[in-house]
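A short worksheet on the structure shown next.
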Amino acid sequence: MAEQEARLLARAREGDVDAFADFVRVLERRVRGLLGRLLDDERDIDEAAQDTFLQAWRNLDRYRGEAAPFTWIYRIAVNEALQRTRRRRVDTRSLDAVPGLELEVEPGTPAPRPADLEAESRELLAFVAERIRELPFDYRAPLVLRDVEGWTNEEVADALEVSVAAAKSRIHRARMQLRHELDVWQRGREQGAN
Amino acid sequence: MLLFALNGSHGETARHMSAFAEGQLGGYRGWRVARHLARCEKCKALYRSFLATLASVRELGREDPSSDEDFVLRVTERLRKQTRGDSG
């Protein structure tokens, strides 16, 4: 697949628009999928995806083939999402300000109950997906790239233009925030069931 | 003081949970977090729920939208316009 994509890019670099259209066709689902996980607004997602491919077209001569074409386009997409978020000054509150993210376990705090993975329902996954969407972008993006897309900490840091330490810290804080929310949600459900 | 040095703290354990879970916390700190988790029921429970959360996030997987030929047309249309603009 990567070879096919590389061949299409090589032809596109010579000005072959049809080859580039085929390249878009091969990757558009994955790019729109990623942007859907990074951005909120459906219209914004579509525009960002279009702009990602247009950026790629403009920068075809910069593609040196060190990374797979998909990795290259993914980085452009992440950058596009980042730029849009910065332009719009979307919620960038620090998770420090989010109540319930105290990392210390206070004496007397009831022990959180482990989720029973076997019993995890679609409802639980829908809740997790919804809470990820509610995270500030600075935390959502590293979490999505690391835990949903499976990137390494170094790749996340590189794509988001932050240090590896900062990327790790944001990923960790996002995970802890989700853990807390999931715990509260599960307690609420259990209380409702009693 | 010696006990803290040996057993670590709740805060330290929570701060390093991601690195510990991913096997990236080696050396003395890794040893101390492991030792703390083995002795502290609250942190053990926190760690279990942390792992369960991580599993849930990873389980979300990458569900991509269905393919959209119109999208391809929209991109190529913009691209052709741009190319014409550049050459004209």
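Sequence lines set the chain letters: A, B, ... in the order given, protein chains first and strands last, and positions in each chain run from 1. Below, each value reflects all heavy atoms present in this structure, side chains not excepted, and no hydrogens, waters or symmetry copies.
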Can you tell me how far the CZ atom of A:R146 sits from the NE2 atom of A:H172, to the nearest 0.5 Å? 13.5 Å

Joint hydrophobic cluster, A:F53 plus A:V17, side-chain heavy atoms closer than 4.5 Å: yes

Return the option, out of A:K168, A:R131, A:R29, with the maximum number of heavy-atom pairs under 4.5 Å with chain B. A:R29

With chain B, which of A:V144, A:V24, A:I171 has the greatest number of heavy-atom pairs at distances under 4.5 Å? A:V24

A:F23 and A:W72 aromatic ring geometry - parallel, tilted or perpendicular at 30°/60° bounds: tilted

Given that the side chain runs from C-beta out, which part of A:F20 has a heavy atom under 4.5 Å from chain B: side chain, backbone, both or neither? side chain

Honestly, the part of A:N153 sitting under 4.5 Å from a heavy atom of chain B is side chain

Check whether any side-chain N or O of A:R175 sits under 3.5 Å from a backbone N or O of A:D147 as a donor-acceptor pair, and report yes or no. no

Verify, without hydrogens or angle tests, whether A:R140 (side chain) and A:L38 (backbone) share a donor-acceptor contact under 3.5 angstrom. yes

Proximity breakdown for [X] and chain A, heavy-atom pairs closer than 4.5 Å:
{"X": "B:L54", "value": "side chain"}
{"X": "B:F50", "value": "both"}
{"X": "B:T13", "value": "neither"}

Testing A:R75, A:R37, A:R30 one by one against A:E149 for a salt bridge (Lys or Arg N to Asp or Glu O under 4.0 Å), which residue passes? A:R37

